[in-house]
Amino acid sequence: MAYFFFDVDGTLLPFGRPMPKSAEYAIKAAQALGSKCFIATGRSIAELPKFDNIAFDGYICSAGATIIIDDKVIYSAHIERNKFNKLFAFLKEKGFYVLTQTDNATYLSKETGLAFQDEMLRHIGRTVELHGLVLDENVPENEDVKKLLFLCREDGYGVLKVKDELDDEFTIVNNTVGLPENLMAELVLKDVTKATGIEKVLSYFGAKREESVAIGDGANDVEMIEYASIGIAMGNSSSNELLEKADFVTDDIEKDGIKKAIFYALNRIG
């Protein structure tokens, strides 16, 4: 029995486009054969689109900070409010556009939304549809902050400088929507990754690590690719580290990459 963990942006969903039908059919086929299929994404549960034709078996969201199985949260981690307030103030002082992610919504200013859209159009040629956006930077006190995304313009303070300043307490990885690493990044808790999420899901089901398959394309997929028994990189991946560490590199997302990845894994795990 195989436990599949799929990244979303650049893996299941081409940037700005719907999931290829071949991916949908292959996931359903894997489930019909007894495999379980999970989302493992940097998106919050609120940001995810509805996969109307696929009944996923669970969700690892916010890069491991929230895990949901059978509509129940089995794990949750968050950035303490006082730390969030300091981080938010620091990033704003440096001139960054900030998106704050909770389980219920992603909070951002209208200005941030426009800047994000502009940079996506400039570098990728289309935008990524995110659900659950709230055009307000004030996060309600009763909501736990899961992750921060921060963006700068070409002549901004620089994402790479922030990595050096905050690396001791937080993990900062390249964004997963295709923007250059010097323009946008994601800030998450130390020791909370998609890999720790997979570990918790396997434990929940009493499954073995040898049964796990992780498929991704971005920098925040490296840990889960390394952790899983079979780690698969998408052919469209721009992460050299991911491509080097993967057990198998499948085809491009829009060239039946998911279908080929699933068939590869099933032939080895069964």
Side-chain angles (χ1 to χ4, degrees), residues 2-13 36-45 47-48 56 58-69 74-79 101 146-149 159-160 162-164 166-178 181 184-205 207-250 253 257-258 261 264-265 269:
Y3 289 75
F4 285 93
F5 297 86
F6 301 92
D7 173 50
V8 173
D9 295 297
T11 301
L12 289 181
L13 298 180
K36 290 188 178 295
C37 295
F38 304 85
I39 293 290
T41 180
R43 293 196 191 204
S44 69
I45 190 68
E47 291 176 349
L48 283 176
F56 283 101
Y59 301 85
I60 298 171
C61 295
S62 299
T66 297
I67 303 174
I68 300 172
I69 296 174
I74 68 162
Y75 177 79
S76 179
H78 65 275
I79 300 171
Q101 193 182 87
K146 298 291 182 166
K147 190 177 78 172
L148 297 178
L149 299 92
V159 169
L160 300 180
V162 173
K163 286 185 178 181
D164 293 335
L166 300 178
D167 188 57
D168 288 342
E169 193 169 3
F170 300 95
T171 299
I172 298 175
V173 298
N174 295 346
N175 77 91
T176 57
V177 294
E181 66 174 0
M184 190 173 183
E186 303 179 8
L187 183 150
V188 296
L189 288 164
K190 282 280 189 187
D191 302 321
V192 175
T193 67
K194 293 182 182 182
T196 62
I198 292 176
E199 184 178 26
K200 288 176 172 60
V201 169
L202 294 176
S203 175
Y204 180 88
F205 284 99
K208 299 176 181 178
R209 184 175 176 180
E210 290 74 22
E211 298 174 287
S212 61
V213 182
I215 306 173
D217 75 297
N220 71 348
D221 298 319
V222 171
E223 290 90 352
M224 76 169 185
I225 290 292
E226 287 186 298
Y227 177 83
S229 178
I230 299 177
I232 301 176
M234 299 299 294
N236 50 274
S237 173
S238 60
S239 170
N240 290 330
E241 183 180 9
L242 187 77
L243 292 167
E244 290 171 0
K245 292 184 176 181
D247 299 302
F248 175 67
V249 178
T250 187
I253 183 173
I258 289 294
Y264 173 87
I269 292 181

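Reckoned from all heavy atoms, side chains included, excluding hydrogens, waters and symmetry mates.
Listed here is the closest heavy atom pair of S239 and G218: CB-C, 4.3 Å. In terms of heavy-atom proximity, D191 sits nearest to T196 at O-CG2, 3.6 Å. S212 and L202 get closest at one heavy-atom pair: CB-CD1, 4.0 Å. The two residues G216 and L242 come nearest to each other via the heavy atoms O-CD2, 3.5 Å. Considering all non-hydrogen atoms of both residues, I232 and A265 come closest at CD1-CB, 4.4 Å.
Scanning for ring-ring contact (aromatic ring centres under 6.0 Å, His included) contacts around Y75 gives an empty result, with sequence neighbours left out. Residues satisfying the side chain to side chain donor-acceptor pair (under 3.5 Å) criterion with K146, sequence neighbours excluded, are T66, S76. Shown here are the side chain to side chain donor-acceptor pair (under 3.5 Å) partners of D7, two or more places apart in sequence or in another chain: T11, K194. Listed by chain and number, the residues in a side chain to side chain donor-acceptor pair (under 3.5 Å) with E199 amount to none (sequence neighbours excluded).
Between T41 and E47 the shortest side-chain heavy-atom distance does not fall below 4.5 Å. Side-chain atoms of I68 and I74, non-hydrogen and from C-beta on, never get closer than 4.5 Å to each other. Between I215 and F5, every side-chain heavy-atom pair lies at or beyond the 4.5 Å cut-off. Residues T171 and L187 are not in side-chain contact: their nearest non-hydrogen atoms beyond the backbone lie 4.5 Å or more apart. Between V173 and V188, the closest side-chain pair of non-hydrogen atoms is not below 4.5 Å. Side-chain atoms of I79 and L189, non-hydrogen and from C-beta on, do get closer than 4.5 Å to each other.
S62 pairs with exactly one of Q101, K147, E186 by the side chain to side chain donor-acceptor pair (under 3.5 Å) rule, that one being Q101.
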Fill in: Full working for side chain to side chain contact (heavy atoms under 4.5 Å, CB included) between F38 and V201
CA-CA 9 Å; F38 304 85; V201 169; 3.7 Å; yes
Practice prompt. Any chance you could lay out the side chain to side chain contact (heavy atoms under 4.5 Å, CB included) test for I258 and M234, step after step, and finish with the verdict?
Written response: CA-CA 8 Å; I258 289 294; M234 299 299 294; 3.9 Å; yes
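Once rounded to the nearest 0.5 Å, the distance linking CG of N236 with OG1 of T250 reads 9.5 Å. We find the CD1-OH distance between I69 and Y59 to be 11.5 Å, quoted to the nearest 0.5 Å. The CD atom of E244 sits 10.5 Å away from atom OG of S237, with the distance rounded to the nearest 0.5 Å. Atom CD1 of I67 and atom NZ of K200 lie 6.0 Å apart (nearest 0.5 Å). Atom CD1 of I39 and atom SG of C61 lie 8.0 Å apart (nearest 0.5 Å).
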Scan the side chains in residues 223-231 for donor-acceptor partners under 3.5 Å anywhere in the protein, sequence neighbours excluded, and list what turns up.
{"residue": "E226", "atom": "OE2", "partner": "K245", "partner atom": "NZ", "Å": "3.1"}
{"residue": "S229", "atom": "OG", "partner": "E210", "partner atom": "O", "Å": "3.3"}

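Within the structure, the salt bridge (charged side-chain N to carboxylate O under 4.0 Å, His left out) test picks out no pair touching residues 229-239 (sequence neighbours left out).
Between Y3 and F205, the ring planes lie tilted relative to each other; the angle falls in the 30° to 60° range.
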